[in-house]
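Chain naming here is simple, since letters A, B, ... match the order of the sequence lines and numbering starts at 1 in each.
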Amino acid sequence: MLSLVRRFGTLIGFCAIIVFFWTQLPDTFMTPRNMLNISQQISMLAVVAFTMTIVMVMGDFDLSVGSMASLAGVAAAIVFSHDYPVYAGIAAALAVGAVGGLFNGFLVSYIGILPFVATLGTLTMFSGAAFLVSGGKTIFGRDIPSGFSGFARSGISLEWLGLQPLHLPYLTILAIAVLVLVWIGLEHTPYGRRLYAIGGNYEAARLAGVKVRILRMSAFALTGLGAATAGLMYASRVASANPTQGSGLMLDAIAAVFLGMTMSEEGEPRVFATLVGVLILGVLDNGLTQMSVDSYVREVLVGAIVVLAVASSSIGKQRA
Amino acid sequence: MTFLKLDHVTKRYGAAAALDNASLEIAAGEVHALMGENGAGKSTLIKVLAGVVKPDNCSLNIDGSKVPLDGPDDAARHGFRFIHQELNIVPHLSVAENIVMAQAYPRRFGVAVDWRRVHKKARAALERLDVDHIDTRRKTARLSTGDQMLVKIAATLVSSDAHPARLYVMDEPTAALTGQECDKLFAVIEGLKQSGASVLFVSHRMNEVMQICDRVTIYRDGRTIETTKIAETSRERIIEAMTGRAIRDTYPARAHAPAKEIFCAVEKLRTKHVSGLEFSLKRGEILGVAGLAESGQSEVLHAFLGDEKPLSGKVEFQGKQSLPSAPSVAWKRRIAYVPRERRREGLMLRRSIVDNAVLPHLAQLGSGRIFSSRRKERAHTGAIAERVRLKFGRLGQPCYQLSGGNQQKVVFARALGKTPELLLLDEPTRGVDVGAKFDIYTLVRELSTAGSTTIMTSSDLPELIGMCDRILVMRDHRQHAIVETDGLTPARLLQMFYE
Ligand SMILES: Nc1ncnc2c1ncn2[C@@H]1O[C@H](COP(=O)(O)OP(=O)(O)OP(=O)(O)O)[C@@H](O)[C@H]1O
Ligand SMILES: [Mg+2]
């Protein structure tokens with residue numbers, strides 16, 4: 001019994017949350033429209049959380065993802081405002097993400113700073129840089145090309161499913177694509193298996209011939225790239241960019257990975273488990289908003305659920 | 001007179017029983033050996049006794065009356081002291097703190113810790129072991145494994161007024177010790193025995209057991225096979241009771257002499273930690289590296305692994321003028337390595353047997369250039385687990401669930417992945433049972449016949465002499481001598497460490 005709670009507590013909790021909202025909001029919650037809506041709402045968090053999983057597999061963190069998302073969004077907007085084409089803005093944002101991520105990785109892996117400290121530092125740096133290049137203002141309106149902002153508003157028609165006016169949003173599709181890529185990368189390539197090995201025992205992995213330093217740095221680069229992607233998605237969705245718009249992402253992303261970790265026997269991060277974590281946070285947010293629960297109450301609830309999930313997964317672990 | 005009697009001990013992990021109605025009887029003032037193959041259940045029994053593993057069934061009698069055993073507090077109350085197989089020191093604390101930790105710290109005015117007395121207590125405990133080279137103020141992490149073990153042993157010797165020690169339980173205390181350190185430990189054990197305490201002693205080294213123990217209890221597959229007086233049994237009988245088969249407790253004979261081809265030569269090689277290395281190895285040769293504890297044996301291996309940069313000297317190795325620049329390069333050049341400390345340097349304990357065994361070979365076991373193939377990895381691991389006679393539940397099992405000796409076999413199995421050109425073995429049989437040792441020796445010999453060169457260290461001198469063609473004697477991190485093993489005796493070899 002206890003071991004069931006430990007193993008499936010998080011999944012059971014997730015189902016309970018869904019059932020709860022379903023009964024509370026019988027007309028609006030369990031509808032295709034709302035489901036698609038949730039999928040779009042969480043797509044940015046999902047991309048950040050999926051790529052956050054890559055560093056957490058090694059036992060590391062990246063606290064700078066939120067400010068990196070803001071910085072990347074602002075960078076793209078600046079490029080747009082100088083009348084460059086859409087792909088140039090996207091490339092610039094992704095480049096910023098990759099370089100920022102590499103810098104994090106360099107600090108952690110080659111200089112040897114704890115990830116917590118290193119990325120706390122770069123969090124502030126990236127955020128400052130975002131304010132600097134944007135002049136502290138929101139960039140919007142004519143500066144954002146409609147081709148860019150249109151991406152977030154459209155999707156693939158679901159006519160063939162008989163859901164006439166509904167679209168599967170491109171943002172959702174993008175998040176799914178990232179999910180699949182990260183899943184393949186982490187679990188079905190030597191690259192990902194080595195990252196797990198580093199997380200399992202850094203020294204042992206090194207002595208067994210794993211190139212620990214460069215792998216660790218590259219993982220941070222991927223997380224940075226993910227954060228930049230999320231920043232672009234956000235900018236596209238709100239058709240504007242400002243230096244604080246990504247700031248909520250980091251805590252939620254880490255919480256999502258932690259929620260996911262409670263689902264595996266050995267407490268390892270797995271990207272599909274992270275997906276469940278993201279869904280829990282997304283569904284809660286959506287449901288509570290619809291029930292017009294105060295947003296502060298919402299925060300207390302989300303925090304409590306994370307703690308509860310982690311607690312339930314450690315019940316009875318002390319004495320085997 | 002029976003002091004402790006443990007009966008009907010059963011502990012299941014899933015469907016498999018680690019202990020199956022096992023029992024144990026220890027007399028007051030005796031040194032009692034507990035023996036069995038890897039995975040027989042020795043450590044599990046000890047953890048039950050310590051109250052850290054909850055058995056499914058168990059009854060404990062002390063001095064003839066039934067007493068409870070519901071946790072570590074009960075064990076402490078009964079006067080049990082433990083040295084577990086996994087060295088559980090707190091690395092970033094000082095030696096003194098690690099020694100005194102389990103007892104109440106001496107205090108001043110009832111509040112502030114009285115550090116002077118803490119250190120005095122710690123030093124007193126170390127002195128009982130005749131150890132004076134360890135500074136109690138040092139961080140424990142800085143010590144060698146052998147010294148850490150001595151610290152751990154000292155910790156059990158700290159006296160406590162509340163619960164005087166009656167039983168010392170030592171799970172493979174000598175696995176990480178050199179011969180000299182073992183002798184000190186045996187002297188202490190003798191002292192404990194004289195003082196009326198009992199000792200439960202686990203070891204895979206027959207010699208020690210025959211030398212210091214009064215009685216032996218033998219376990220096989222979680223069941224008690226027999227308890228006999230050491231004086232009334234023999235090595236062969238013990239081994240047969242342990243394994244259920246007759247095994248020769250010797251070294252396999254070399255099939256034929258190593259090839260003439262020189263595989264590697266070093267001249268005046270100096271690295272940060274060792275110097276004066278000057279030898280050449282033929283293809284297929286087995287070279288032993290010996291010396292007193294921490295005389296640079298491991299560092300010789302590290303140099304060939306690329307983890308110890310050469311500073312000067314000449315190298316001719318695998319047709320190149322250089323040693324590998326990093327472990328990743330070494331594995332690529334087919335140099336396989338079994339590290340000295342399996343738990344710290346070898347295993348990812350929470351990851352599966354497969355993940356641990358295939359780590360250096362992931363790229364070769366993939367399907368296509370990009371993807372890894374679980375199917376191939378499992379097949380590979382299954383085959384190699386059989387070669388080393390790994391005792392396990394399933395291949396996906398995390399390694400911490402394996403017994404100590406079986407964990408060691410996983411590390412060894414990893415090195416066998418691709419047929420290595422050079423095999424670097426740092427204490428490869430540490431904690432491995434008699435039968436499995438023989439299997440490992442046979443494997444190394446087979447590899448040697450097939451052309452793999454081996455460099456190995458071991459604190460077990462008969463093992464080195466039995467296995468190696470030549471032995472490199474290190475002294476103070478310098479090459480002291482290199483000797484043929486033909487006709488070499490352990491005593492003569494030991495003499496070379498000092499002379
Ligand atoms: N947490 C666990 N989960 C599953 N199986 C376990 C666990 N702990 C121990 N076992 C199993 O119980 C059996 C006995 O293990 P134990 O550690 O007692 O062996 P041992 O006699 O001490 O061997 P060794 O000489 O190798 O140290 C082994 O087969 C081991 O795999
Ligand atoms: Mg054991």
Could you list which of [range] have a heavy atom closer than 4.5 Å to any heavy atom of chain B, in residue-number order?
{"range": "residues 95-118 of chain A", "result": "none"}
{"range": "residues 206-223 of chain A", "result": "A:R206, A:L207, A:A208, A:G209, A:V210, A:K211"}
{"range": "residues 170-190 of chain A", "result": "A:I184, A:E187, A:H188, A:T189, A:P190"}

Minimum heavy-atom separation for A:R193 and B:S372, please, with both atom names.
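Smallest heavy-atom distance, with atoms named: NH1-OG, 3.8 Å.
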
Any idea which heavy atoms bring A:A205 and B:L359 closest together, and the distance?
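For A:A205 and B:L359, the tightest heavy-atom pair comes out as CA-CD2, 4.0 Å.
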
Working for side chain to side chain contact (heavy atoms under 4.5 Å, CB included), residues B:E341 and A:E203:
CA-CA 11 Å; B:E341 287 177 58; A:E203 182 66 6; over 6 Å; no

Between [X] and chain A, which part of the residue has a heavy atom less than 4.5 Å away: side chain, backbone, both or neither?
{"X": "B:F371", "value": "both"}
{"X": "B:E377", "value": "side chain"}
{"X": "B:A330", "value": "neither"}
{"X": "B:R343", "value": "backbone"}
{"X": "B:L305", "value": "side chain"}
{"X": "B:K47", "value": "neither"}

Residues, nucleotides or ligands: over 12 heavy atoms within 6.0 Å of B:K309 NZ:
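Yes - once you tally the heavy atoms of other residues, nucleotides and ligands closer than 6.0 Å, there are more than 12.
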
Counting only heavy atoms from other residues, nucleotides and ligands, does the tally under 6.0 Å from NZ of B:K418 exceed 12?
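Counting neighbours around NZ of B:K418, more than 12 heavy atoms of other residues, nucleotides or ligands fall under 6.0 Å, so yes.
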
Tell me which of these, B:L362, B:D355, B:L347, has more heavy-atom pairs under 4.5 Å with chain A than the rest.
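Option with the greatest count: B:L362.
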
Could B:R350 and A:E268 be called an ion pair, given the rule that one side-chain N must be under 4.0 Å from one carboxylate O?
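No.
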
Check each atom of A:Y202 against the heavy atoms of chain B and say whether the ones under 4.5 Å are side chain, backbone, both or neither.
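For A:Y202, there is no contact with chain B at all, as no heavy atom is under 4.5 Å.
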
List the residues meeting salt bridge (charged side-chain N to carboxylate O under 4.0 Å, His left out) with B:D426, not counting sequence neighbours, and say none if there are none.
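Checked B:D426 against salt bridge (charged side-chain N to carboxylate O under 4.0 Å, His left out); matches are B:R340.
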
Hey, does the side chain of A:N201 reach the backbone of B:R344 with a donor-acceptor pair shorter than 3.5 angstrom?
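Yes, because the side chain of A:N201 sits within donor-acceptor range (under 3.5 Å) of the backbone of B:R344.
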
